[in-house]
Amino acid sequence: MLLQEIKQGESKILEFKEMLPSDSKKYVKTVIAFSNCLGGRIIIGVNNTNNEIVGIDPDLDVFTMMDNIANAIADNTSHQQSRRSKLRV
């Protein structure tokens with residue numbers, strides 16, 4: 001199902017990021033927007049212009065990246081907002 005969604009491209013509830021932006025505000029804004037509407041997902045490792053799966057840098061520690069994402073969301077939102085959005089790496 002996820003592969004089909006990626007092939008269909010971004011939508012009101014799905015956004016792609018080729019890589020995790022160094023400025024967390026660039027994805028936290030999307031999380032807040034999703035939370036204020038229908039919810040949604042951000043998928044990291046997908047090119048948002050051609051929907052190509054590019055993956056993430058294999059040298060990155062995925063668990064540290066996930067912790068950093070969770071912390072950025074927690075620092076900039078209330079718990080109630082952040083529960084309705086999902087971020088996949």
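Just so you know, residue 1 is the first one in the sequence shown, and it goes up from there. Keep in mind that what you see is a predicted model, and the values were worked out from it rather than measured.
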Ser35 and its side-chain contact (heavy atoms from CB on, under 4.5 Å) partner, picked from Ile32, Leu38, Val31: Val31
Backbone N/O of Phe16 and side chain of Glu10: donor-acceptor pair under 3.5 Å: yes
Any side-chain heavy-atom pair of [X] and [Y] under 4.5 Å:
X: Leu3; Y: Ile53; result: yes
X: Val46; Y: Val54; result: no
X: Met19; Y: Lys17; result: no

Just how far is it from atom [atom1] of [X] to atom [atom2] of [Y], taken to the nearest 0.5 Å?
X: Ile56; Y: Met65; atom1: CD1; atom2: CE; answer: 3.5 Å
X: Glu5; Y: Arg41; atom1: CD; atom2: CZ; answer: 4.0 Å
X: Leu14; Y: Asn51; atom1: CG; atom2: CG; answer: 9.0 Å
X: Lys26; Y: Ile42; atom1: NZ; atom2: CD1; answer: 13.5 Å
X: Tyr27; Y: Glu15; atom1: OH; atom2: CD; answer: 13.0 Å

Exceeds 12 heavy-atom contacts within 6.0 angstrom, atom CG of Leu60: yes
Asn47 vs Glu52, side-chain hydrogen bond (donor to acceptor under 3.5 Å, both in side chains): CA-CA, chis, key distance, verdict: CA-CA 5 Å; Asn47 182 302; Glu52 177 185 0; 5.4 Å; no
Listed partners of Ser22 passing side-chain contact (heavy atoms from CB on, under 4.5 Å), at least two apart: none
